[in-house]
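One-based numbering, in listed order, for ligands and for the atoms of each.
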Amino acid sequence: MTQQTYAEFHARSLAERDAFWAEQARRIDWQTPPQQICDASNPPFARWFVGGTTNLCHNAVDRHAAARPDGRALIWVSTEVGKEVVYSFAQLQAEVEAMAAILQAQGVGQGDRVLIYMPMIPEAAFAMLACARIGAIHSVVFGGFASVSLASRIEDAAPKLVVSADAGSRVGKVLPYKPLLDEAISLSAHKPAGVLMVDRGLAPFARVAGRDLDYAELRSQHWGRRVPCVWLESNTTSYTLYTSGTTGKPKGVQRDVGGYAVALATSMDYIFGGKPGETYFSSSDIGWVVGHSYIVYGPLLQGMATLMYEGTPVNPDAAVLWRLVEKYQVTVMFSAPTAVRVLKKHDAALLKRHDLASLRALFLAGEPLDEPTARWIADGLGVPIIDNYWQTETGWPLLTVANHIPGVAPVPTRFGSPGMPMYGYDVKLLDENSGEELTEPDRKGVLVIGHPLPPGCLQTVWGDDARFVNTYWKSVPGREVYSTFDWGLRDADGYTFILGRTDDVINVAGHRLGTREIEECISGHAAVAEVAVVGVADALKGQVAIAFAVLRDPVQASPALEGEIMKHVDAQLGAVARPARVHFVTLLPKTRSGKLLRRALQAVAEGRDPGDLTTLDDPTALAQVKTLLQK
Ligand code: ATP
Ligand code: MG
């Protein structure tokens, strides 16, 4: 049989756009079939599967419960409280219907917002699916956010109801949520009418009379009640979700119903190669887009069991993830480079302690996957490591290798590159000043997407169409294209490399350097576990690069090693890229989703106020840098 190349397949997805997506739309159940595949008549907006009515919960839960009621749907593992629970599709549907009945009894209906502020417990997934079932819009806020960040999200989403829990837990330490939630509600101008509390018995809390509701009590009251799925026009809003806030104020990404379902179902097949009845394990959190797309919706749409994990990759030991892969026969796994870097500080032999025969691939996304880290985990696990690049905004991978498309030749992975533009995405590299398209290989440009964005991507910014248009579509002069705000480069074979964010470029004596390139080079030094490079104002050169490195073994920190790392950069990138200083730290400032907060490092290094730090994970990281620089 002659095989198509991936490039041909991709080209067809754009040239025959509507035919391509009409085929994909058959993957899901529609109550009324779409009348128009794509309405692109009002750029930069796009509407997918116009006139079709469907429901995410029906497609993720009910249709599988009807066909395979006893099939595994949700596996919950908590190493924090020492529990493992398996829900079949029939059990999941019963839980979701009970939750939906509770929401309805509180007056929540189609279009109403429900804010979910929860740890990684099954009730969080029940609440998301219950909203999808009745057409309410969920807004999941990461359970680690403190009251100020939470308050701004409550104000933005204006929820009728908040679903929360008494506490989360991290490495055995109980983190009470309720006091943070109460404070956030008091700070917010918007007051939700009700707060539905899941009481895990971890942290006693005060109840506000007339507002707070007890989940266990209401669940038993509503148990067994049938709540039919509400058929929603494809372009109805399903949820809103905030970006990670790495570069500034988080944006409320708004997603549809039908386009999202089709995009995820297609990706489960073509990109992840997951099959119904198998188990998918994403170690992310439901508070992030990966958790929405690949803990809750994607695997369930595909009829797979999804493993939801409350715990860290290193507790009780650094083999815990692999123990779960073995025990639950995970076939597809999804994690982040930051988790791998954490594992890298432990013995590589732990990667081999468990039988990983079921595992076909490990997908990693969220930040650049440096080659040394990729090689370390690939050697240790012996399965393909597949980098994939996307954004909260896109909802599913934009660059990766899609190696499960029937009749299409697989694309080998290439270290350092997430891969190629996915079908449906009209990806271009543009010159940042002229807006001209860069077609020759190895030229660095802004990575953009042409209109219309494919199904599954954001519809707009919640409540702010102007911000959607002005932020994303007006940044390259003379071109109405969606900017990712990331630098990219395409090699002669079509692999795209991500060279960092467009605002992470530094200018040393007239040379424009991507901090990412310098980081990649330094992390290639054997002593270094992790590194961040920022540009710091310099009277003479405009800017100089400063590196903050975490060593594999902190006792190695010495002026000699600093000199050695500088020489390493000289040899690989040239003296212009050499950092003026390499500081050794034990921790780097990161967002709660594990992304480096370079803007905060830069501000501190320049003695400025680091600005909005609501998404910062561990404040001691910045404190350490401050003390270091004062010396
Ligand atoms: P904000 O938009 O609020 O500043 P954010 O961009 O960090 O936050 P996300 O949507 O979570 O929020 O992250 C998407 C970004 O993460 C991408 O634009 C890119 O910079 C980075 N990224 C994601 N995956 C990869 C990857 N595989 N390789 C390199 N970078 C990646
Ligand atoms: Mg972003």
Check whether the side chains of Tyr6 and Asn403 place a donor and an acceptor atom closer than 3.5 Å, and report yes or no. no

Thr338 and Lys590 side chains, donor-acceptor separation under 3.5 Å: yes

Residues passing the salt bridge (Lys or Arg N to Asp or Glu O under 4.0 Å) test with Asp256, sequence neighbours excluded, are none

Which of the numbered atoms in ligand 1 are below 4.0 angstrom from a heavy atom of [X]?
{"X": "Thr392", "result": "9 (P), 10 (O), 11 (O)"}
{"X": "Pro368", "result": "28 (N), 29 (C), 30 (N)"}
{"X": "Thr243", "result": "1 (P), 2 (O), 3 (O)"}
{"X": "Trp390", "result": "14 (C), 17 (C), 23 (C), 24 (N)"}

* May I ask you to check whether Tyr423 and Trp396 place their ring centers less than 6.0 Å from one another? => yes

N/O of Ile498 under 3.5 Å from N/O of ligand 1, yes or no?
-> no

Under-4.0 Å heavy-atom contact with ligand 1, by part of [X] that carries it:
{"X": "Glu367", "answer": "backbone"}
{"X": "Asp486", "answer": "side chain"}
{"X": "Val289", "answer": "neither"}
{"X": "Trp288", "answer": "neither"}

Report yes or no: is the cationic atom of Arg153 (NZ for Lys, CZ for Arg) under 6.0 Å from the centre of the six-membered ring of Phe145, at an angle within 45° of the ring normal? yes

